[in-house]
Amino acid sequence: MISEHPRVRFAPSPTGYLHVGGLRTALYNYLFAKNNNGKFILRIEDTDRNRYVEGAVENLIAALKWVGLEYEEGPDKGGNYGPYMQSERLDIYKKYAQELVAQKKAYYCFCTPERLSQVRDEQQKQGLQPKYDKHCLSLSAEEIEEKLKNNVPYVIRMNIEPDMKIAFEDVIRGSVEFDSNIIDDQVLIKSDGYPTYHLANVVDDHLMKITHVIRGEEWLSSTPKHVLLYDFFGWEKPVFAHLPLLLNPDRSKLSKRQGDVAVEDYRAKGYLKDALVNFVALLGWNAGDDKEYYELEEMVEKFSLERVNKSGAVFNIEKLNWLNAEHLRKKPDEELLSMLKDELEVSKYKGKIFSDKYLLLVIEAMKERVSFVKEYIEKSPYFFEAPEEYDQDVIKKRWKEGSAENILKLAEKFSALQDPVKEDYETALRQTAEELGIGTGKLIHPVRLAVSGVGGGPGLFDILYIIGKDETISRLKRAAEKIKI
RNA sequence: GGCGCGUUCGUCUAGAGGCUUAGGACGCCGCCCUCUCAAGGCGGAGAUCACCGGUUCGAAUCCGGUACGCGCUACCA
C-alpha cells in the first residue's frame with residue numbers, strides 16, 4: 001500500500017499563524033515522508049477570500065522554518081507541480097469542475113442564498129437532514145445557457161447519488177463507512193469562481209501526486225466527498241490517515257481562548273523548537289517503548305503512522321516545560337552562550353558588558369537549575385548585578401546576631417587572597433569559621449544571602465569565584481550594613 | 001437532531017486473549033545526596049482499564065449495546 005517514494009503535503013489555510021495542532025500535522029507528514037524516503041510538500045489553501053489575512057503565508061512559512069520542518073516543494077521554493085498557492089490555480093479547478101459537469105457528475109446551481117436558507121429552514125422544521133434539494137439539477141440545457149448568458153451568479157455542485165455506501169480505509173482508524181444519503185450536493189466552485197476546499201484539495205492532491213493524505217480528524221466526515229470525487233474523475237485514491245485532535249485541559253478542541261495556540265507564542269515565551277517538536281510529536285504517537293526525549297532525526301527513524309493513537313490528547317504545558325528543560329540542558333555551552341547573550345540584549349542588563357568567559361561560568365553554574373534561557377537571568381540576577389534586596393524569609397532563617405561581624409571578618413580574610421579560585425574561598429571560609437568558633441554553615445548561609453540576596457542557587461564558592469574577589473568583598477560589606485534583623 | 005470518531009492513573013501513554021497484584025513519563029509527596037536551590041538516585045500516593053452484557057477455561061485486549069466526550073452537518077477550511 002505504501003509506495004516506494006511517498007509524497008505528502010501539509011496544506012494549511014493561511015489564517016494568520018501556525019497553530020500547534022497544525023504543527024503536529026506538519027510534523028507527522030514530515031516524519032512520515034523522511035522515514036519513507038519521500039517528499040514533503042507545502043501547499044497553501046487560500047481559497048476563502050473572506051478569510052484572507054495579510055502576511056499570513058509569510059508567517060506560516062517563518063514558523064515552519066523556525067521549527068525546522070523543511071519542505072522540498074512549496075510556494076517559496078517552487079517544484080514540478082506548482083503553483084503551490086491554490087489562489088493561483090483557479091483555472092485548473094474550473095477546468096476539472098467543468099469536466100464533471102460534462103459527465104453529469106456535477107451541475108450548475110443558480111439558487112440564491114435566500115432560497116437555500118429557506119429550503120434549509122423548511123427541512124429543519126420537518127426534522128430532516130438539511131440538504132440541497134437538487135432543484136437546479138432539472139434545469140434544461142437551454143435554461144442553463146440562458147442564465148449563464150445573463151450572468152446569473154452560479155455555483156457548481158457535486159451530484160451525489162442517493163443510497164450508496166461509501167467506504168474507505170484509514171490507516172489510523174481502520175475502515176470507515178458513510179451513507180451517501182447524508183452527504184449534501186457539495187459546492188465545488190463558489191460563485192466568486194474560487195473552488196471549495198473539497199474540489200481544490202482533491203484536484204491538487206492528484207495533480208501533485210500526493211500518495212498519503214495525513215490531516216486532522218476534523219476532515220474525517222468530509223472524506224466520503226473526496227472519495228467520491230476521486231471516483232468521479234477516475235483517479236487513484238491516496239492513503240488516508242486522520243490524526244486525533246489536540247485538546248484544551250477541559251477536553252474541548254484546542255483553542256485560543258484557553259491558552260497559547262500559535263507556534264510563535266511558544267517561541268516568544270522562550271520554548272526551544274526542539275522541545276516543542278518533541279512534545280507535540282508525543283501527543284498522539286510513541287515508538288512503543290519508554291523513550292520520551294527525542295531529537296528530530298531519531299523521530300524520523302522511528303516514526304510510523306500505524307503507531308499513531310486514535311484519541312485526542314490534552315496539551316499539557318507542564319510536560320512541555322520539563323522537555324524544554326531537558327533539551328536546554330543537552331545544549332552545548334557555546335550554543336547556550338549565544339542564546340544567553342540574545343536574552344541579555346532584551347533584558348534590563350542590555351548594554352552591560354559581560355565577557356564570554358564570565359557568561360560561560362554562569363552557564364556552567366546554572367545549567368542544571370534552569371528550564372528556560374531567560375531563567376539564567378531571572379533565577380540568578382546576582383550574576384549580573386549586586387542584590388538590592390535580601391529575601392526576608394532567608395534573613396529570618398539564616399541571619400543571626402553576629403552574622404554581620406562574621407562576614408566582615410571573612411571579607412577581611414578574602415582581601416588577603418591572591419587571584420583566588422573556588423578552593424581558596426572555601427579554605428578561607430572554613431578557616432574563618434574555625435577562628436570564630438562557629439560551624440561553617442553559620443557562615444556559608446549568611447554569605448550566600450549577602451552575595452546573592454537569596455537562599456538558593458549554585459554552590460557558594462562557585463558564586464564567589466564567578467563574581468570575583470572585589471565584588472564579593474564589596475557585597476559582603478554592603479550586606480553587613482544593610483541587613484537588619 | 002443526524003452521521004462519524006473516540007473512551008487505560010490529574011495529564012501524555014505502554015498494553016495486539018493468559019507474561020499484569022495493569023508498566024513508564026510529567027506533575028505531586030517523602031527519603032538520600034548536600035552549604036542552599038536544582039539536577040540525580042530511591043520510594044510513595046494515584047487507574048474497580050467509561051458502564052452493562054456476551055464470547056472464552058481465561059478479556060484492558062474480541063463482539064454487542066448504553067453513557068459521555070469530540071468532530072462534521074456552509075458558496076470556512
Side-chain angles (χ1 to χ4, degrees), chain A residues 11-15 45-48 50-51 109 111 113 116-117 120 124 127-132 153-157 170 172-174 176-179 181-184 186-198 200-201 215-224 242 244-245 247 249-253 279 282-293 309-323 325 329 365-371 379-380 394 397-398 426 429 439-449 452 454-461 463:
Chain A
S13 59
T15 52
E45 312 230 322
D46 56 343
T47 54
D48 185 356
N50 300 320
R51 280 224 233 166
C109 169
C111 290
L116 256 24
S117 72
R120 222 190 323 265
Q124 254 156 5
L128 294 169
Q129 167 85 7
K131 246 173 83 175
Y132 181 61
Y154 68 89
V155 300
I156 295 179
R157 314 185 84 111
D170 185 287
I172 295 168
R173 284 151 214 288
V176 184
E177 192 181 80
F178 288 83
D179 192 318
N181 291 321
I182 59 140
I183 303 171
D184 205 356
Q186 193 63 50
V187 170
L188 261 20
I189 298 282
K190 301 181 250 187
S191 57
D192 64 3
Y194 277 64
T196 56
Y197 172 88
H198 309 288
N201 194 264
R215 71 215 322 184
E217 193 190 347
E218 67 266 31
W219 294 110
L220 192 59
S221 302
S222 353
T223 306
H242 288 92
L245 260 19
L247 274 23
D250 71 354
R251 305 218 132 250
S252 56
K253 190 176 165 183
F279 175 62
L282 258 20
L283 253 27
W285 171 85
N286 73 84
D289 51 29
D290 288 338
K291 192 172 167 57
E292 304 222 66
Y293 178 91
N309 290 146
K310 295 172 173 62
S311 50
V314 173
F315 192 93
N316 177 219
I317 201 91
E318 257 152 14
K319 195 145 190 177
L320 207 207
N321 292 342
W322 170 73
L323 272 172
R329 274 183 216 118
M366 290 300 292
K367 206 169 184 178
E368 299 294 307
R369 284 162 247 266
V370 298
S371 298
K379 286 198 167 174
S380 53
V394 181
K397 192 171 172 199
R398 307 289 196 189
E426 182 159 7
L429 184 137
T440 48
K442 289 272 181 296
L443 202 45
I444 285 179
H445 293 296
V447 172
R448 172 184 293 284
L449 178 65
S452 72
V454 293
L460 176 65
F461 306 111
I463 298 179

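Per chain, numbering begins at 1; letters A, B, ... match sequence-line order.
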Seminar exercise, completed: Across all chains, not counting sequence neighbours, the ring pair (Phe, Tyr, Trp, His ring centres under 6.0 Å) partners of A:Tyr197 are A:Trp219, A:His226

Seminar exercise, completed: A:Glu45 has its side chain closest, among B:G2, B:U13, B:A77, to B:A77

Exercise. Expressed in angstrom and rounded to an integer, what is the separation of A:Asn201 atom CG from B:C76 atom C1'?
Worked result: 13 Å

Exercise. Considering only side-chain heavy atoms of A:His445, which listed nucleotide, B:C35, B:C26, B:C75, is closest?
Worked result: B:C35

For this session: Send over the distance from A:Leu323 CG to B:C26 C1', rounded to a whole Å.
Result: 9 Å

For this session: Can you figure out which of B:A74, B:C75, B:G4 approaches the side chain of A:Pro130 most closely?
Result: B:A74

Problem set entry | A:Ser252 and A:Asp250: side chain donor to acceptor below 3.5 Å | yes

Seminar exercise, completed: Checking N1-N3 plus N6-O4 or O6-N4 for Watson-Crick, or N1-O2 and O6-N3 for wobble, each under 3.5 Å, the partner of B:U34 is none

Could I get a table of every N or O pair under 3.5 Å where one atom is in the protein and the other is in nucleotides 63-72 of chain B?
{"from": "B:G71", "atom 1": "N2", "to": "A:Ser221", "atom 2": "OG", "distance (Å)": "3.2"}

Under 3.5 Å, which N/O atoms of the protein pair with N/O atoms of nucleotides 37-46 of chain B?
{"from": "B:C37", "atom 1": "O2", "to": "A:Arg369", "atom 2": "NH1", "distance (Å)": "2.8"}
{"from": "B:C37", "atom 1": "O2", "to": "A:Gly457", "atom 2": "O", "distance (Å)": "3.2"}
{"from": "B:C37", "atom 1": "N3", "to": "A:Arg369", "atom 2": "NH1", "distance (Å)": "2.3"}
{"from": "B:C37", "atom 1": "N3", "to": "A:Gly457", "atom 2": "O", "distance (Å)": "3.3"}
{"from": "B:A38", "atom 1": "O2'", "to": "A:Glu368", "atom 2": "O", "distance (Å)": "2.6"}
{"from": "B:A39", "atom 1": "O4'", "to": "A:Glu368", "atom 2": "O", "distance (Å)": "3.4"}
{"from": "B:A39", "atom 1": "O2'", "to": "A:Glu368", "atom 2": "OE1", "distance (Å)": "2.4"}

Exercise. Can you tell me how far P of B:C76 sits from NE2 of A:His198, to the nearest Å?
Worked result: 9 Å

For this session: Give a yes/no answer on whether the side chain of A:Asn309 brings an N or O atom under 4.0 Å of OP1 or OP2 in B:A14.
Result: yes

